[in-house]
Amino acid sequence: MKIILASNSPRRKELLKGLDLPFEVRVMEDVSEDYPSDIRVEEIAEYIAREKSEAYEDILNADEMVITADTIVVLGKNVLGKPVDRDDAINMLRRLSGKTHKVITGVCFTTIDRKHSFSVTTSVTFKSLTDDEITYYVDTYQPFDKAGAYGIQEWIGYVGVTAIEGSYFNVVGFPVQRIYSELKKFDKTL
């Protein structure tokens with residue numbers, strides 16, 4: 001089975017490469033990341049991953065499997081997506097400061113005749129961040145492509161994260177241990 005990663009994320013590419021499985025990247029533009037307003041927050045990432053997979057169903061060959069994923073940050077009942085600008089990123093980090101939040105990644109494997117999805121949740125706690133720390137991070141690292149306005153593998157993770165419960169790689173954006181386990185069940189030839 002040929003694996004296709006449907007993501008432009010350099011972090012997802014690097015993490016999947018770390019599993020020593022051959023894959024190619026194939027990304028379709030303008031794939032919707034919308035979800036129904038009445039869905040439980042714990043189901044959003046998996047829902048979006050499944051929705052993304054539908055864009056690939058008609059172009060898959062019999063020997064191909066596409067992997068789609070989506071990562072969200074949840075603080076209480078609020079979903080923090082990718083910040084729209086600097087002010088939004090600063091406000092998100094202020095909201096996360098001194099609190100524990102959840103990072104949820106939904107993953108979907110799709111072939112022409114099968115679909116399997118799951119999600120992984122990790123709890124992350126930040127120390128109380130100063131405004132100087134927040135603005136330094138946003139201005140230096142420009143985390144506008146990251147849910148919750150931060151990358152745990154960057155400076156803010158080094159100085160700000162005081163606790164993590166669950167998969168570190170899930171917080172980076174791709175829960176590779178679970179992906180590997182699920183791939184082995186999904187495709188017995190791996």
Under a plain distance cut-off of 3.5 Å, with no hydrogens placed, do Thr125 and Lys99 share a side-chain donor-acceptor pair? no

More than 12 heavy atoms of other residues, nucleotides or ligands under 6.0 Å from OH of Tyr56: yes or no? yes

To the nearest 0.5 Å, what is the distance between CG (Leu75) and CZ (Phe126)? 11.0 Å

Is Glu14 salt-bridged to Lys17, going by a charged N under 4.0 Å from an acidic O? no

Flag the pair Phe109 / Phe118 as yes when their ring centroid distance falls below 6.0 Å, and as no otherwise. yes

May I ask you to test the Ile152-Ile164 pair for a side-chain heavy-atom distance under 4.5 Å? yes

Nearest 0.5 Å, please: how far is CD1 in Ile44 from CD1 in Ile39? 6.0 Å

Is the CD atom of Glu42 crowded by more than 12 outside heavy atoms at less than 6.0 Å? yes

Does a side-chain heavy-atom distance below 4.5 Å link Thr71 with Ile104? no

is_close_aromatic(Tyr47, Tyr35), centroid dist under 6.0 Å: no

Any side-chain donor near an acceptor of the partner, Arg12 and Thr105, under 3.5 Å: no

Take atom CG in Asp113; do more than 12 heavy atoms of anything else shown fall under 6.0 Å from it? yes

Do the charged groups of Asp70 and Lys52 touch, with an N to O distance under 4.0 Å? yes

Take atom NZ in Lys127; do more than 12 heavy atoms of anything else shown fall under 6.0 Å from it? yes

Non-hydrogen side-chain atoms of Pro175 and Val107 separated by less than 4.5 Å: yes

Could you walk me through whether Tyr158 and Tyr137 pass ring pair (Phe, Tyr, Trp, His ring centres under 6.0 Å), step by step? CA-CA 11 Å; Tyr158 298 168; Tyr137 174 69; over 10 Å; no

Euclidean distance, Phe174 CZ relative to Leu15 CG, rounded to 0.5 Å: 7.5 Å

I'd like to know if Glu46 pairs up with Arg50 as an ion pair, taking the criterion as any Lys NZ or Arg NE/NH1/NH2 lying under 4.0 Å from an Asp or Glu carboxylate oxygen. no

Which atom names give the shortest non-hydrogen contact between Ala6 and Thr68, and what distance separates them? CB-CG2, 3.7 Å

Strictly distance-based, threshold 3.5 Å: is any side-chain N or O of Ser97 a donor or acceptor partner for the main-chain N or O of Leu93? no

For the residue pair Arg94 and Asn91, establish whether any side-chain heavy-atom pair is separated by less than 4.5 Å. yes

Charged N to carboxylate O under 4.0 angstrom, Arg40 versus Glu43? yes

With distance as the sole criterion, is a donor-acceptor pair present between the side chains of Thr130 and Asp132 under 3.5 Å? no

